[in-house]
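In each ligand, atom 1 is the first atom listed, and ligand 1 is the first ligand listed. We count residues from 1, following the sequence as given.
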Amino acid sequence: MTPNENAKPPHAPIEYILNASCRAGIGIVAAVATFLAERDCYICALEQFDDDSTERFFMRAVFRRQADSPAIDEIRSQFAALAAGRLQMGWKIHDPADPVKTVIMVSKDDHCLDDLLYRRRNGELNMSVTAVVSNHLDLRPMVEREGIRFIFLPVTKDNKALQEARLLEVVEETGAELVILARYMQILSDELASRLAGRCINIHHSFLPGFKGAKPYHQAFDRGVKLIGATAHYVTPDLDEGPIIEQVLTRVDHNFKPEQLVRVGRDNECMALAAAVKFHIERRVFVHGNKTIVFRGS
Ligand SMILES: Nc1nc2c(c(=O)[nH]1)N[C@@H](CN(C=O)c1ccc(C(=O)N[C@@H](CCC(=O)O)C(=O)O)cc1)CN2
């Protein structure tokens, strides 16, 4: 059997991810590093960012517990005390070994869904897909072939609220932490978008701000663009206006026919969405106002 290059080596030490943010100031990194060192924890990655405009500080630390380290829940409760003190920190310690429970929403286009499921299969995306929800039946066979639950929720002007309530039930009953709009072609209501704030990622078929609405690549052809792109962003009530997580661009020129632009567009969408989902799952993304801080690592 060919070795899976993505597979983690057996007995890889357990790593935890600390995400924290607070008012910028002196000694924050030192305080966190000292806290971890005093508990015999080894910091194997640390990234931080100071937003001068809002005097806000953000950090992502990856650390390993060692033989003499307290249990992780003990570390969490002890860190709560530190964070509640002078630092006044918002924080969370994640166990990256836990697959992120995810609901994927699709309409008729299959390229992003297919790409995400492949990357899940090869271990690139540590997510467990609890359901695929669609307003069309086109992709049911490919989803059920993967052994994943397919939920058909056709949307009309009259049943939109009911179907959105059903979607929220699916998210809650499956414990989904993430919703991915993988070319889902219905606009989520303000209420649903707000309920899913910071945990719903959409792929937009252009380099935002760009060509809105139908046939963006034909609009690109008519406009004679030299670059085409795709944008993965968190969903907000404002269509295509959510915090951008990742963008992918490809240089094109006058030789590209519309169908070729569509093909390049599909690849861009898959790459931008997969990268954004990976950053989210690896706890590399902070939302700050209507923007993101993404600790991409080395
Ligand atoms: N609240 C939000 N919902 C959605 C967003 C978003 O940014 N905020 N993004 C869209 C995806 N999308 C572009 O990326 C998009 C999808 C659909 C439409 C649209 O006009 N849809 C029509 C119906 C079309 C159809 O049935 O095929 C509509 O909803 O009336 C625009 C942009 C996903 N949802």
Any N or O of Ser189 closer than 3.5 Å to N or O of ligand 1: no
Looking only at distances, please establish whether an N/O atom of ligand 1 is found under 3.5 Å from an N/O atom of Ile187.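 The answer is yes, given that Ile187 and ligand 1 share an N or O pair closer than 3.5 Å.
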Provide the number and element of each atom of ligand 1 under 4.0 Å from a heavy atom of [X].
{"X": "Tyr184", "result": "11 (C), 16 (C), 33 (C)"}
{"X": "His204", "result": "13 (C), 14 (O)"}
{"X": "Val235", "result": "1 (N), 2 (C), 8 (N)"}

Using a heavy-atom cut-off of under 4.0 Å, does the side chain or the backbone of [X] touch ligand 1, or both, or neither?
{"X": "His233", "value": "side chain"}
{"X": "Ile203", "value": "backbone"}
{"X": "Leu188", "value": "both"}
{"X": "Asn202", "value": "side chain"}
{"X": "Leu181", "value": "side chain"}
{"X": "Thr236", "value": "backbone"}

What donor-acceptor contacts under 3.5 angstrom involve side-chain atoms of residues 136-145, with partners at least two apart or in another chain?
{"unit_1": "Arg140", "atom_1": "NE", "unit_2": "Glu144", "atom_2": "OE2", "d": "3.0"}

When you measure from the side chain of Glu164 to the backbone of Ser189, do you find a donor-acceptor pair of N or O atoms at a distance under 3.5 Å?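 Judged by distance alone, yes, a pair lies under 3.5 Å.
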Are [X] and [Y] close enough that a side-chain donor and a side-chain acceptor fall under 3.5 Å?
{"X": "Thr156", "Y": "Asp158", "answer": "no"}
{"X": "Glu241", "Y": "Thr236", "answer": "no"}
{"X": "Arg266", "Y": "His205", "answer": "no"}

Decide yes or no for Ile148 and Arg120: does some side-chain heavy atom of the first lie under 4.5 Å from some side-chain heavy atom of the second?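 Contact flag for Ile148/Arg120 side chains = yes.
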Please table the atom pairs, donor to acceptor, closer than 3.5 Å between any side-chain atom in residues 28-35 and protein atoms at least two apart or in another chain.
{"unit_1": "Thr34", "atom_1": "OG1", "unit_2": "Ala30", "atom_2": "O", "d": "2.6"}

Trace of the side chain to side chain donor-acceptor pair (under 3.5 Å) decision for Gln78 with Arg39: CA-CA 10 Å; Gln78 293 170 3; Arg39 286 156 187 80; 2.4 Å; yes
